[in-house]
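Some notes on the structure that comes next.
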Number of protein chains: 2
Amino acid sequence: MVVRGSSSAHRTLAILTTLGSKEAAERGGLGVVEIARRVGREKSQVSRALKTLDAEGFVERDRESMLYRLSWQVFTMAANAGHPRLLAVAPPVLRRLVGVLGERVHLTVLSHDGVLTVLSQGPARTVQAAGWVGRVTPLHTTSSGRALLFDHGDEEVAELLAGSQFASAGPGAPAGTEEFLARLAEARTAGYALAREEFEAGLVGAAAPVRDFRGQVMAALNVSAPANRMGRDLDAAGRVVLSAARQLSQSMAGC
Amino acid sequence: MVVRGSSSAHRTLAILTTLGSKEAAERGGLGVVEIARRVGREKSQVSRALKTLDAEGFVERDRESMLYRLSWQVFTMAANAGHPRLLAVAPPVLRRLVGVLGERVHLTVLSHDGVLTVLSQGPARTVQAAGWVGRVTPLHTTSSGRALLFDHGDEEVAELLAGSQFASAGPGAPAGTEEFLARLAEARTAGYALAREEFEAGLVGAAAPVRDFRGQVMAALNVSAPANRMGRDLDAAGRVVLSAARQLSQSMAGC
DNA sequence: CAAGGGGGTTGCCGAGCGAGCAACAGGGGT
DNA sequence: ACCCCTGTTGCTCGCTCGGCAACCCCCTTG
């Protein structure tokens with residue numbers, strides 16, 4: 001079998017990915033040369049590829065600064081990505097869970113080798129820590145990470161963690177793959193995962209897996225709060241999250 | 001100048017768009033042959049292109065049904081698309097507006113020749129009419145549509161409306177481009193746009209433009225409600241929305 | 001079991017497309 | 001005037017896909 005490089009398509013997609021990065025958004029867009037640098041291609045190729053992307057409506061260009069950025073069209077696509085039904089069914093469940101726990105809850109999925117937050121709901125009273133949605137957090141320092149790996153084999157998990165930086169985490173973070181696997185096993189028997197100051201000092205969380213009609217883990221429900229507010233009741237919170245996750249799983253199965 | 005077709009990139013992007021369509025999501029994904037039919041290409045090319053897209057993480061495949069669908073990665077991209085700052089700043093404004101009006105409010109942008117809803121916030125009590133986000137509604141039968149076209153010239157507007165189906169709308173919808181332009185002019189002088197049963201019978205709405213630091217219209221704030229709840233106060237609602245939109249514009253300018 | 005049909009992947013070859021370079025056009029700075 | 005940086009366009013050769021056909025696999029039908 002001949003592996004086709006499809007260099008043109010690869011390059012175009014690499015540009016899309018680059019424009020979808022956080023830094024690109026923060027700068028308000030990227031220029032042709034800047035993108036060329038990042039994807040390691042000739043600026044002429046990038047210039048022409050961007051013209052194609054523009055014609056297809058994937059990117060738009062600020063008339064003044066000449067910078068390209070992803071267009072809103074990507075939003076429409078996102079609404080139909082992954083398991084759209086999950087997005088439709090989950091909000092009421094999240095809201096109820098917020099009502100019970102009084103803390104911000106998230107719906108997360110496994111994306112690549114990280115935890116992607118796809119929905120986030122907080123009590124209205126708190127300061128809006130908006131900006132979680134679309135963000136990717138590490139697998140190994142979050143309760144969601146463990147909940148999402150419930151059904152993975154140890155070797156698979158080790159592979160996914162290979163790229164993780166075990167440094168730069170909270171004080172309670174697992175020291176290495178072995179310790180992570182131990183905590184994962186513990187979480188499996190409990191049915192929910194707890195994380196005490198693993199992601200960040202002073203932050204605790206609990207998570208439980210959401211399963212599709214076949215029983216496969218497709219997402220995780222997760223609550224996250226300051227340790228001084230939820231630290232003592234974390235185990236109870238875990239059970240509440242588990243119950244809500246089961247409920248969500250049932251909603252998904254009902255289709 | 002030679003226009004480069006970049007047929008490979010075009011095809012790849014067309015596949016992405018197809019997978020991002022609503023029907024694709026409803027079916028839970030699309031197969032190779034189905035996609036080939038829709039984009040009008042050889043199934044072999046589509047098969048190979050999908051392999052590339054998979055390798056880049058844009059799509060994923062259901063192991064059992066063999067169907068491809070957009071991966072959650074698109075979610076991450078969406079968080080950085082358009083004007084991400086708008087997404088970060090808007091939620092509190094929307095929530096306040098919901099508090100005042102007691103009805104569902106939306107943040108919309110111009111996408112292609114339609115109105116794309118990027119944020120939606122409703123009073124918790126009502127039944128969640130979730131699923132607005134990511135949806136595209138017509139330009140000519142919505143208050144948002146008019147608010148987004150405040151600064152467009154008449155010819156530009158006519159061009160954008162060219163593809164619109166003036167049939168299949170609510171009873172109050174404008175009959176044609178001319179009538180639309182008249183209502184647009186009216187909205188311009190008021191500073192906000194009102195729509196009475198244009199999109200759908202029994203549904204009214206009010207919208208006002210959000211402007212960036214340069215004064216360019218970048219989005220619209222919009223409230224939508226049943227006529228029997230907001231019909232009489234629609235003009236007042238328009239003024240409230242306008243005030244909120246100004247506030248949002250200021251937040252955007254402050255950066 | 002054979003036959004048929006639909007979905008999906010792979011091999012193959014030549015024609016057409018793009019990689020890379022270079023030139024050029026603008027826009028600031030100094 | 002000069003340089004530096006960004007971005008676009010012309011051009012040519014070599015390489016990559018386009019299109020077809022064969023093949024695999026699964027399911028259904030007779």
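Note that the structure is predicted; figures quoted are calculated from it, not measured. In what follows, chains are A, B, ... by sequence order, proteins preceding strands, each numbered from 1.
Atoms OG and CZ, on Ser111(B) and Arg135(B) in that order, are 14.0 Å from each other to the nearest 0.5 Å. Of the inter-residue distances, the one linking Leu139(A) atom CG with Arg146(A) atom CZ reads 10.5 Å to the nearest 0.5 angstrom. The CZ atom of Arg61(A) sits 12.0 Å away from the CG atom of Leu53(A) when rounded to the nearest 0.5 Å. Considering OG1 of Thr76(B) and CD of Gln73(B), their distance stands at 6.5 Å, rounded to 0.5 Å.
Val59(A) pairs with exactly one of Thr52(A), Leu19(A), Leu30(A), Ile15(A) by the side chain to side chain contact (heavy atoms under 4.5 Å, CB included) rule, that one being Leu19(A).
Between Gly114(B) and Val136(B), the shortest heavy-atom contact is CA-CG1, 3.8 Å.
The NE2-P distance, from His10(A) to dA19(C), rounds to 13 Å in whole Å. Spacing between atom CE of Met66(B) and atom P of dC27(D) amounts to 12 Å, rounded to whole angstrom units. What separates NZ of Lys51(B) from P of dG8(C) is a distance of 13 Å, to the nearest Å.
Scanning residues 33-46 of chain A for heavy-atom distances under 4.0 Å to DNA chain C yields Glu42(A), Ser44(A), Gln45(A). For the contact set between residues 21-32 of chain B and DNA chain D, defined by any heavy atom under 4.0 Å, there are no members.
Candidate nucleotides dT10(C), dC21(C), dT9(C) were compared by shortest atom distance to the side chain of Arg48(A), and dC21(C) ranks first.
Over its length, the helix from dC1(C)-dG30(D) to dT30(C)-dA1(D) turns its helix axis by 40°, as judged from the five terminal pairs at each end, rounded to 10°.
You won't find any donor-acceptor pair under 3.5 Å spanning the side chain of Arg11(A) and the base of dG20(C), going by distance alone. At a cut-off of 3.5 angstrom, counting only N and O atoms as typed in the model, there is no donor on one side facing an acceptor on the other between the side-chain of Arg61(B) and the base of dG7(C).
Residues that satisfy the ring-ring contact (aromatic ring centres under 6.0 Å, His included) test with Phe180(B), not counting sequence neighbours, are absent from this structure. Partners of Phe75(A) under the ring-ring contact (aromatic ring centres under 6.0 Å, His included) rule, at least two apart in sequence or in another chain, are Trp72(A). Residues satisfying the side-chain contact (heavy atoms from CB on, under 4.5 Å) criterion with Glu159(B), sequence neighbours excluded, are absent altogether.
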Passes salt bridge (Lys or Arg N to Asp or Glu O under 4.0 Å), Arg38(B) versus Glu34(B)? Steps please. CA-CA 6 Å; Arg38(B) 297 191 181 213; Glu34(B) 179 62 28; 2.9 Å; yes

